[in-house]
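Comments concern the structure below.
Counting convention: from 1, in listed order, for ligands and their atoms alike. Here, residue 1 is the first one in the sequence, and each next residue gets the next number. Model, not experiment: these values are computed from the prediction.
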Amino acid sequence: MIKSLWIKFLILLFAVSVIALSAAYFLRGLMVRDFRAFLEGEREDRVYWVTADLEATYDRYHDWNKDVIGEDAVWALMLGFEIRILDNKGLLVMDTEKALAGLSPLVRSRVLSVSELSPREQAGPYLPYPLFLAGNEIGRLEVRFLKPGKESVFIERSNTFLLFSLIALGGLALVLSFIVSRKLTRPIKRLAAAAEAVSEGDLKTRVPITGKDEICRLSETFNRMTQTLETQEVLRKKLLSNTAHELRTPLTAMQGELEGMQDGLIPADKLHITSILEETARLKRILNGMEELAQAQASALTLKKEDIDLGKFLPLIASRFQASAHEKGVELNVGYERGISVYADPERLSQIIVNLLSNSLKATDRGGSVTVSATRKGDGVLVEIQDTGSGIKPEDLPFIFERFYRASDGGLGLGLAIVKELVEAHGGRVEVKSEYGKGSVFTLSLPSQ
Ligand code: ADP
């Protein structure tokens, strides 16, 4: 069983090269076969020319004219075969040797040099071709083909070429297969090692990215994944220590009061019991707030989005705050563009706006105003919650969306963290601008579709 991926790649690439070279070998076989068939046909044609000429000569002279058929024998030699001509009694009338002997030395050497590529000593056996004239057998032509020189040259060259291909291309294929398979598997090996490191708890592991192919995309995803895991781990630790800190304060206060009562230093009267009850209520509020935050974080997958007509939705939410605003002496206004709508989960959107409105009302004193408005922007919608309240100090501004961060006394510091989670779950953004002492504006950018 082969375990290493690069050896599998190597074998695969090498197998492909062998298949390609085998195909070349097979094709060469087909070509040689076709070439031979072509030569065969050519040879038959040539024999036919000679028989036809011999029969015509016999017809013209009513006998075998040795001078003329001698020329035919020379011609046949130049066409690539030796002949013997026998009469109807089977007696030899002419053959190639005799025809050549009848030639002058100069012409003979010329004729022989023409058939030089076809060595006469490698000729095959004599084959008979009967000669006819008007239905009567007038004799027999016997033909012995010389080994076709052109065919030998062709086959020899194709063999050399194939051998060269096998050695050169096969070697090249092997080297290339080796390089390519190493190159392909190197980033996979790195990824495997990095994944192993992550599984052992090293979340700082990253893999280098070189290029744009699928493996690089996988590496990028891997790096993003480890980055997310690392961030989540940091957040988890921070949340744990934040939560412990938040829970410790009321618990310590309660413990102090209860110990005081136990030692008789603090009276167990209504006043002190109410104080302890307030601390327990705060503990409950913290736990509820954390539950709400956890739900907000998980809400991206459970949103029930629909088209919400903000012209109806915003006044309805604002109406829940009208009584308390009136009591506080704060003006609460709602404004929106006609027919404006947003694609969101109504319950979650209501939670977002309620949190922001209650913060603004809390921060705004008598005579001030809070305005919630909706306008279109590009493909989306902007919802603004603006107040003329206390504003936020510049040093607090970067942290107000963090869990448990409070810029003022009283709250839990979870409201804006929940808002941020919910807005981002909708694919939106929340931003804040604030001037300390003058007021703040929270802007939600939400997709309208
Ligand atoms: P909390 O439960 O304390 O209100 P939030 O997360 O809602 O927590 O807000 C974080 C801090 O941001 C608050 O302590 C508050 O001081 C500040 N803040 C939020 N909204 C406003 C606002 N509209 N005006 C002034 N300060 C604000």
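- Within the model, atoms CG of Leu446 and CD1 of Ile352 stand 6.5 Å from one another, a figure rounded to the nearest 0.5 Å.
- Under the side-chain hydrogen bond (donor to acceptor under 3.5 Å, both in side chains) criterion, the residue pairs touching residues 433-445 are Ser434-Ser440, with sequence neighbours excluded.
- Within the structure, the side-chain hydrogen bond (donor to acceptor under 3.5 Å, both in side chains) test picks out no pair touching residues 176-201 (sequence neighbours left out).
- Looking only at distances, a side-chain donor or acceptor of Ser319 sits under 3.5 Å from a matching main-chain atom of Leu316.
- Between Trp75 and Trp49, the ring planes are parallel. Angles under 30° get that label, and only those over 60° would be called perpendicular.
- Residues lining ligand 1 at a heavy-atom distance below 4.0 Å are given as Asn359, Ser360, Lys362, Ala363, Asp387, Ser390, Gly391, Ile392, Ile400, Tyr405, Arg406, Ala407, Ser408, Gly411, Leu412, Gly413, Leu414, Gly415, Leu416, Ser440, Phe442, ordered by chain and residue number.
- Checked against salt bridge (Lys or Arg N to Asp or Glu O under 4.0 Å), Arg206 has the following partners two or more places apart in sequence or in another chain: Glu230.
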